[in-house]
Amino acid sequence: MIQNYDAIVVGAGHAGCEAAAAAANMGQNVLLVTMDMTRTAQMSCNPAMGGVAKGQILREIDALGGLSAVVTDKSAIQFRMLNRSKGPAMWSPRTQNDRALFNTYWREELEAIPTLDFWQDMVVGFIIENNRVRGVKTGLGIDIPCKTVIVTSGTFLNGTIHIGEKRMGGGRSGEKSSTGITEQLVQLGFEAGRMKTGTPPRVDGRSLDYSKMEEQKGDEKPGKFSFSNRTSPLTKQLSCQITYTNPVVHDTLASGFDRSPMFNGAIESKGPRYCPSIEDKIHRFAERDRHQIFVEPEGWNTVECYVNGFSTSLPEDVQFRAIRQMVGFENAKIFRPGYAIEYDYFPPTQLKYSLETKLVEGLFFAGQINGTTGYEEAACQGLMAGINAALKVQDKEAFVLGRESAYIGVLIDDLITKGTEEPYRMFTSRAEYRILLRQDNADERLTRLSHAIGLASDKRVREMEKKKILKKSLRTFLDRESADPKELNDWLVSRGTSPLKQKVKYIDILKRPQIDLDGLVKYGTTFQKFINSELSGEDLVLEGVEIESKYEGYIQKEKEMADKMQRLENIKIPDRVDYHALTSISAEAREKLSNIKPETLGQASRISGVSPADISVLLIHLGR
């Protein structure tokens, strides 16, 4: 007899895995349906996790009790903290990963959850009664009942692969596309669109001359993503390499433009603005005579390499000739060519903050189906959809993160409030409170919230509280203890800052822009003893206290700004409001508000075309 599941997750990519794990770890009976179980959490594009703003998201997923950071640490082959030369709001952890191990570790994590079942099949439609989802229909002709459905279809919905003038159906290289879902949802009244993404050729590392390239090593003292003690930093790392395109490469690529689906009209949908194909780059930036290319190893025990920056859908022969004209690639052998892929998505303004659809109760969307690009953006949506599907089954209020709480909150608010017509990618610049939303404090921001809804474990809360206690202890030491001028003056002068004339509190020295905590520990004898006895190995504690000490004033200002905005977020807007009857607001605002149906006044204020005057009218209408 077929079980009636609490949640069925459609698709086992990054969003699907996080969704299934979250709902199951919150005590729900979950079924994960995927067309190929061997491709679970497949790294379809580059073998890397994190990066600018994405690293912050991955830390937030971990803080909430998700699994991506744990899997990332276990499968990492290199770790780097990006943007160290900038302010701490910009610091972003990133790893290179072993593609095969990433897949293996994710599957092990999922199979260890007792209430999570698996089924290899294609979902071709949904069972819907009275605008509520009741189950899914599969390609094998099986109806599986459930209370909620989370669709994480990635690039598979009516996917079309383009290589030159060749077109073929597919959701990924070597895998068939998914059909039936879009057509049913459009009949139900959903709006659908098309987006495009792409991938570069993979090459044989044995055929490359690394001596001609620039080596890019990992950090000397590598960190890790997960706040938990389930993982450890790397003790050995693999290097990446850097090379460049040149005018000859550009001319060769341009010779194939007449056969390029990007330029001959075969591809009409929009691709990711911030990760364009190589043909798009040389067309849009014709004045540049070279573009940077990163050669990234695919794992510990493979010669396959990912050519980051060379995404293309040009004909195979053009790809082959062009890539061999780059320095170090003169004898390159290609394992498989790059390609572009077009797929269906559903504009995310059709969703609530919980990622549940407005038209069908119990139906959730997460990942690229919502118009995003990137593993991390997909994973965090899957996590939130899984949490909220579980809470819906339990008849509990939805779990929503505000823009002041997490990058995840910024992403979801952007999507459901502003929508997107091109693949959405997270950046630090999208977050107005980014100094509050740093990568080092994600656990302090989010772990207790997740624990309250039944996802983050007691152990994770204890670990987070221990970290806070240690931070408080360090800050107390800095505030109370004074540094000896004899120990520090030579070092202070070498750093370009004035020497001490008398004993000065450590906190006042640390706040100098030229000074860092590592130096104070190295040269301050009293400080060194304290660190060695109380905080040995607690790098995140030291990092967090240094940031919070140096940027105290800025952090306080952002908190005050966030508190002011929170007042609008606390004012809920009833579903029944008839905006067309509010003649005192602009016609554009009436149209936008009616279409998006904001849940709070704060969300309404961020809708393009809704003015402060319109918000004032709404305030009066709501009796405030």
Side-chain angles (χ1 to χ4, degrees), residues 53 55-60 62-63 81-93 221 223-227 401-407 409-410 428 431-449 460-483 495 497 504-522 524 526-528 530-531 534-564 566:
Q56 283 87 331
I57 288 177
L58 205 56
R59 282 261 167 94
E60 291 177 354
D62 184 71
M81 184 67 77
L82 307 183
N83 288 334
R84 276 286 192 187
S85 62
K86 300 179 181 178
M90 305 286 285
W91 296 355
S92 303
K221 189 178 179 182
K224 66 190 188 83
F225 273 107
S226 180
F227 292 100
L401 295 173
R403 298 180 71 90
E404 78 292 342
S405 300
Y407 272 89
V410 174
T428 51
E432 58 269 47
Y433 308 119
R434 53 187 171 272
I435 201 163
L436 299 180
L437 309 182
R438 306 183 311 276
Q439 50 82 32
D440 64 281
N441 69 356
D443 55 341
E444 297 170 60
R445 289 185 275 120
L446 301 174
T447 298
R448 275 215 168 275
L449 298 176
R460 293 302 294 270
V461 173
R462 288 195 298 271
E463 290 171 345
M464 182 272 295
E465 290 294 348
K466 178 188 173 185
K467 176 186 166 188
K468 289 179 71 173
I469 290 168
L470 292 174
K471 285 177 71 175
K472 185 177 180 180
S473 173
L474 175 54
R475 180 58 196 251
T476 299
F477 178 92
L478 292 168
D479 287 337
R480 290 180 179 175
E481 298 295 327
S482 297
R495 297 300 297 264
T497 184
V504 175
K505 293 284 191 293
Y506 277 106
I507 189 67
D508 295 322
I509 302 171
L510 181 59
K511 287 184 176 182
R512 296 184 183 188
Q514 306 92 333
I515 300 306
D516 57 66
L517 205 54
D518 285 344
L520 279 181
V521 173
K522 185 176 180 180
T526 308
F527 197 13
Q528 191 177 84
F530 172 77
I531 295 296
E534 303 288 334
L535 294 166
S536 179
E538 298 288 349
D539 293 342
L540 273 179
V541 171
L542 301 181
E543 180 181 287
V545 170
E546 179 171 0
I547 292 167
E548 289 166 9
S549 300
K550 284 181 175 292
Y551 294 88
E552 213 162 21
Y554 296 102
I555 291 171
Q556 185 57 38
K557 282 183 180 179
E558 279 203 359
K559 283 181 178 176
E560 291 170 3
M561 288 170 56
D563 289 342
K564 287 180 181 178
Q566 192 59 38

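Below, all heavy atoms of this structure are taken into account, side chains as well, without hydrogens, waters or symmetry copies. Bear in mind the structure is a predicted one, so any value in this text is a computation, not a measurement.
Of the possible donor and acceptor atoms, none in the side chain of N83 sits under 3.5 Å from a partner among the backbone N and O of K86. The closest donor-acceptor contact from the side chain of D440 to the backbone of E543 lies at 3.5 Å or more, if one exists at all. In this structure, the side chain of R403 does not engage the main chain of G409 through any donor-acceptor pair within 3.5 Å. When atom types are taken as modelled, the side chain of K505 and the backbone of I507 share no donor-acceptor pair closer than 3.5 angstrom. Side-chain atoms of T447 come within 3.5 Å of backbone atoms of A63 as a donor-acceptor pair (strictly under, hydrogens ignored). K550 places a side-chain N or O within 3.5 Å of a backbone atom of L510 that can act as its donor or acceptor partner. Of the possible donor and acceptor atoms, one in the side chain of S92 sits under 3.5 Å from a partner among the backbone N and O of M90.
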Criterion salt bridge (Lys or Arg N to Asp or Glu O under 4.0 Å) on K559 and E404, from CA distance to verdict: CA-CA 8 Å; K559 283 181 178 176; E404 78 292 342; over 6 Å; no
Give the intermediate values and the outcome of side-chain contact (heavy atoms from CB on, under 4.5 Å) for residues R434 and V410. CA-CA 10 Å; R434 53 187 171 272; V410 174; over 6 Å; no
Checking D539 against K221 for the salt bridge (Lys or Arg N to Asp or Glu O under 4.0 Å) test, could you report, in this order, the C-alpha distance in whole Å, the side-chain angles of both residues, the deciding distance, and whether it holds? CA-CA 10 Å; D539 293 342; K221 189 178 179 182; 3.5 Å; yes
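In this structure, CG on L520 lies 11.5 Å from OG1 on T526, to the nearest 0.5 angstrom. Note that CG of D62 and CG of D443 are 8.0 Å apart. Values are rounded to the nearest 0.5 Å. Considering CG of L82 and CD of Q439, their distance stands at 10.5 Å, rounded to 0.5 Å. Taking OG of S549 as the reference point, atom CG of D508 lies at 10.5 Å (rounded to 0.5 Å). In this structure, L540 CG and N441 CG are separated by 10.0 Å, a value rounded to the nearest 0.5 Å. The CE atom of M464 sits 9.5 Å away from the CG atom of L446 when rounded to the nearest 0.5 Å.
A 4.5 Å side-chain heavy-atom check between M561 and E432 finds every atom pair outside the cut-off. Using a 4.5 Å heavy-atom threshold, the side chains of L449 and L401 count as touching. Side-chain contact between V521 and F530: absent, with no pair of heavy atoms (C-beta onward) separated by less than 4.5 Å. Residues P93 and F225 form a side-chain contact, since some pair of their non-hydrogen atoms from C-beta on lies under 4.5 Å apart. Side-chain contact between L542 and I531: present, with at least one pair of heavy atoms (C-beta onward) separated by less than 4.5 Å. Residues R438 and Q56 form no side-chain contact, since every pair of their non-hydrogen atoms from C-beta on lies 4.5 Å or further apart.
Closest non-hydrogen pair, A562 versus L436, comes out as CB-CD1, 4.5 Å. Between A53 and Y407, the closest heavy-atom pair is CB-CE2, 4.1 Å. Closest heavy-atom contact between I509 and A483: CD1-CB, 3.5 Å.
Contact check on R445 versus E60 returns a salt bridge, with a Lys/Arg side-chain nitrogen under 4.0 Å from an Asp/Glu carboxylate oxygen. Using a cut-off of 4.0 Å between Lys/Arg side-chain N and Asp/Glu carboxylate O, E465 and R448 are scored as salt-bridged.
In this structure, R460 fails the cation-pi test against F227, since its NZ or CZ atom is not both closer than 6.0 Å to the six-membered ring centre and inside 45 degrees of the ring normal. Both tests hold for R84 against W91: distance to the six-membered ring centre under 6.0 Å, angle to the ring axis within 45°.
In this structure, a donor-acceptor pair under 3.5 Å is absent between the side chains of E534 and S473. Side-chain contact, T497 with R512: a donor N or O sits under 3.5 Å from an acceptor N or O.
Put simply, the residue from K468, R59, K466, K467 that forms a salt bridge (Lys or Arg N to Asp or Glu O under 4.0 Å) with E444 is K467. Screening R475, K472, K471 for a salt bridge (Lys or Arg N to Asp or Glu O under 4.0 Å) with E548, the sole residue that qualifies is K471.
Note: F477 and F527 have parallel aromatic rings, judged against thresholds of 30 and 60 degrees for the angle between ring planes.
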